[in-house]
Number of protein chains: 2
Amino acid sequence: MNPGPDVLKNAALKVESDGAAQSGSYQEILAAAAECFKENGFAATSIDDVARSLNATKGMIYHHFRSKMDLFFAVYRRGMEINFEAVLPYSSGKQSDGDKACLKLAKMSISHAIALMAHQPFQRVLAQGVEMHQTGSTTAAQRQTLDELIRLRNKYEGLFRRAIEAAAQGPVKLPDPSLASKSFLAVLNSTVYWYSPRDKDPQEEQLALATDLVRYAMQGLGLKMPDMALINLETEK
Amino acid sequence: MNPGPDVLKNAALKVESDGAAQSGSYQEILAAAAECFKENGFAATSIDDVARSLNATKGMIYHHFRSKMDLFFAVYRRGMEINFEAVLPYSSGKQSDGDKACLKLAKMSISHAIALMAHQPFQRVLAQGVEMHQTGSTTAAQRQTLDELIRLRNKYEGLFRRAIEAAAQGPVKLPDPSLASKSFLAVLNSTVYWYSPRDKDPQEEQLALATDLVRYAMQGLGLKMPDMALINLETEK
DNA sequence: ATGTGAACATACTACTGAGTATGTTGTCAA
DNA sequence: TTGACAACATACTCAGTAGTATGTTCACAT
């Protein structure tokens with residue numbers, strides 16, 4: 001079929017490799033679009049809305065994107081990129097030791113949960129993309145692109161499923177690994193629908209919330225949360 | 001302010017009291033609209049779409065509903081109705097005994113999870129309503145109605161929060177009851193985004209899935225799942 | 001029989017919004 | 001200097017759609 005790693009590579013390397021090449025306005029459009037899509041949803045957002053929020057016009061958007069769908073896909077892709085960047089650093093290697101595997105899962109999960117809260121607009125777009133996939137809309141060509149993006153998402157979910165299976169070796173039994181990972185991620189992702197950052201110490205607040213959520217999610221699997229002292233993530237930029 | 005029980009009564013009694021009074025077509029419109037909203041989302045669904053799926057015309061819809069928003073609200077209300085009908089029978093009374101409280105919570109949760117899978121279109125509309133609430137759309141009057149509907153939803157969530165608090169008395173500590181109930185319901189509600197019924201034994205399948213989900217959700221709180229023998233719900237109609 | 005209103009269908013209006021076609025401006029190479 | 005192209009802005013087309021205005025049918029009360 002299609003070589004697995006490539007799909008990931010496409011997403012994960014774009015930011016690094018392009019750097020200055022990807023004109024600043026491009027990323028700005030993505031951010032503005034994500035914000036608009038979050039506010040009103042894809043269908044209710046017009047290209048003019050996005051342009052307006054940039055003090056620009058429709059022509060500018062269409063200079064960079066061939067259609068509204070293309071713009072949405074680009075935002076979606078960027079959202080997946082963000083998530084991979086958050087989780088990949090902690091997801092490499094196979095831990096045969098149960099506690100190590102648990103620690104790895106916890107790190108991945110907390111990093112994921114924080115990224116989710118720190119980049120809400122993009123994460124909401126990801127959720128909308130999933131809904132769109134179940135829908136029978138779009139043309140054949142768009143459908144193909146969307147399928148590819150969903151595969152990317154499944155790949156991401158796979159990172160967690162494998163980490164969960166590794167962590168649940170031993171005393172814990174998983175009735176259905178797929179169901180387990182879905183439930184697990186459902187808890188972590190739930191913040192998308194109600195969290196809104198407070199001005200005071202959003203960093204601190206997000207870490208605390210993420211910790212509680214991950215504790216709950218792991219406990220559901222019968223796993224105990226590792227000591228927080230062991231989970232010091234590199235604080236990002 | 002507004003008397004709490006009334007809001008609930010409005011929703012919970014409508015079906016019973018109206019009965020034959022609510023013309024058949026009314027409920028059919030709700031079902032068709034729910035299906036359309038689920039398929040394409042609120043914004044991307046036209047009144048003509050709904051009418052077409054009923055082999056009717058726009059005039060018929062507007063004869064029963066004053067606007068597209070009104071139709072949406074009615075569908076939302078019906079969705080909440082379904083949920084209350086599923087859960088209320090098991091949510092009455094205060095269990096001081098921990099195990100009893102646990103059993104009560106389990107019954108409520110399983111009934112909720114099954115209702116969710118059995119009425120997907122309506123449940124998806126509920127989700128869309130929540131998103132809509134975070135959004136800055138709609139007029140002032142509509143906003144008021146939407147606020148009322150969200151209060152209804154919060155009331156529903158409150159049933160679970162109280163049941164959770166009652167069940168978690170004793171050996172278990174809840175860091176944040178609100179967070180706990182949000183996570184708890186996130187797990188149960190997650191099926192909305194991926195479950196699709198199989199032709200074979202949907203009843204059986206839904207019960208099995210619901211059981212697994214509830215087990216996970218309760219374990220996350222540190223509660224153990226009661227024996228299934230104790231959880232025989234009255235099978236609905 | 002007749003008028004009256006409920007329950008629709010049909011025809012129309014007014015507007016929004018995706019996509020396009022065509023300017024306009026600045027920059028940079030030759 | 002000029003021409004060529006990137007990076008936009010402006011102006012327009014046209015399909016779709018919320019809402020309205022106006023038939024039409026039929027049951028039912030008087």
Side-chain angles (χ1 to χ4, degrees), chain A residues 18 20-33 35-37 39-75 125 128 132 135-143 145-146, chain B residues 18-33 35-37 39-76 125 128 132 135-143 145-146:
Chain A
D18 284 2
Q22 203 80 280
S23 69
S25 61
Y26 183 87
Q27 293 293 334
E28 284 169 24
I29 294 175
L30 290 189
E35 185 65 34
C36 290
F37 289 151
E39 286 298 321
N40 300 327
F42 172 75
T45 296
S46 74
I47 297 288
D48 285 310
D49 286 340
V50 180
R52 208 179 351 261
S53 76
L54 287 165
N55 285 326
T57 63
K58 198 193 292 210
M60 181 233 196
I61 311 278
Y62 278 103
H63 179 72
H64 290 276
F65 301 90
R66 297 175 62 184
S67 72
K68 188 182 169 189
M69 261 296 174
D70 258 35
L71 174 57
F72 180 84
F73 289 155
V75 175
V125 168
Q128 288 182 34
M132 199 181 288
T135 287
S137 62
T138 74
T139 72
Q142 291 172 339
R143 187 128 204 94
T145 305
L146 187 51
Chain B
D18 285 2
Q22 201 80 281
S23 69
S25 61
Y26 183 88
Q27 292 293 334
E28 285 168 23
I29 294 175
L30 289 190
E35 184 65 34
C36 290
F37 290 152
E39 287 297 322
N40 301 327
F42 173 75
T45 297
S46 74
I47 297 287
D48 286 308
D49 286 339
V50 181
R52 208 181 348 261
S53 76
L54 287 167
N55 285 326
T57 63
K58 196 191 297 207
M60 181 232 196
I61 310 280
Y62 277 103
H63 179 70
H64 290 275
F65 301 90
R66 298 174 61 184
S67 72
K68 189 182 168 188
M69 260 298 176
D70 259 34
L71 175 57
F72 180 85
F73 289 154
V75 175
Y76 187 103
V125 169
Q128 287 181 37
M132 199 181 288
T135 286
S137 61
T138 75
T139 72
Q142 292 172 339
R143 185 127 205 94
T145 305
L146 188 51

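Here is how names work: the chains are called A, B, and so on, in the same order as the sequence lines, proteins then strands, and each is numbered from 1.
B:F65 has its CZ atom 16 Å from the P atom of D:dT20, to the nearest Å. The distance from atom NZ of A:K68 to atom P of C:dT16 is 15 Å, rounded to the nearest whole Å. Rounded to whole Å, atom P of D:dA6 lies 16 Å from atom CE of A:M60. Here C:dG17 presents its C1' atom at 14 Å from CD1 of A:I61, a figure rounded to the nearest Å. B:Y62 has its OH atom 4 Å from the P atom of D:dG19, to the nearest Å. In this structure, CD1 of B:I29 is placed 11 Å from P of C:dA7, rounded to the nearest angstrom. Rounded to whole angstrom, the span from the CG atom of B:N40 across to the C1' atom of D:dT17 amounts to 14 Å. Following rounding to the nearest Å, B:L71 (CG) and D:dG19 (C1') show an atom-to-atom distance of 14 Å.
Proximity of A:D48 to A:T57: side-chain heavy atoms (C-beta onward) are nowhere separated by under 4.5 Å. B:Q128 is not listed as a side-chain neighbour of B:Y76, based on a closest heavy-atom distance of 4.5 Å or more. At least one side-chain heavy atom of A:I29 sits less than 4.5 Å from a side-chain heavy atom of A:M60.
Contact annotation: A:S25 side-chain N/O to D:dC8 OP1/OP2 distance is under 4.0 Å. Under 4.0 angstrom from either OP1 or OP2 of C:dC8 there lies no side-chain N or O belonging to B:H63.
A donor-acceptor contact under 3.5 Å is formed by the side chain of A:K58 with the base of C:dG19.
With B:D49 contributing its side chain and B:S46 its backbone, the two residues share a donor-acceptor pair below 3.5 Å. Within the 3.5 Å criterion, the main-chain N or O of B:N40 finds no donor-acceptor partner in the side chain of B:T45.
Separating the OG1 atom in B:T139 from the CE atom in B:M69 is a distance of 8.0 Å, to the nearest 0.5 Å.
Contacts between residues 44-53 of chain B and DNA chain C, counted as heavy-atom distances below 4.0 Å, involve no residue at all.
Ring orientation note: the planes of A:F72 and A:F42 are nearly perpendicular, at an angle over 60° on the 30°/60° scale.
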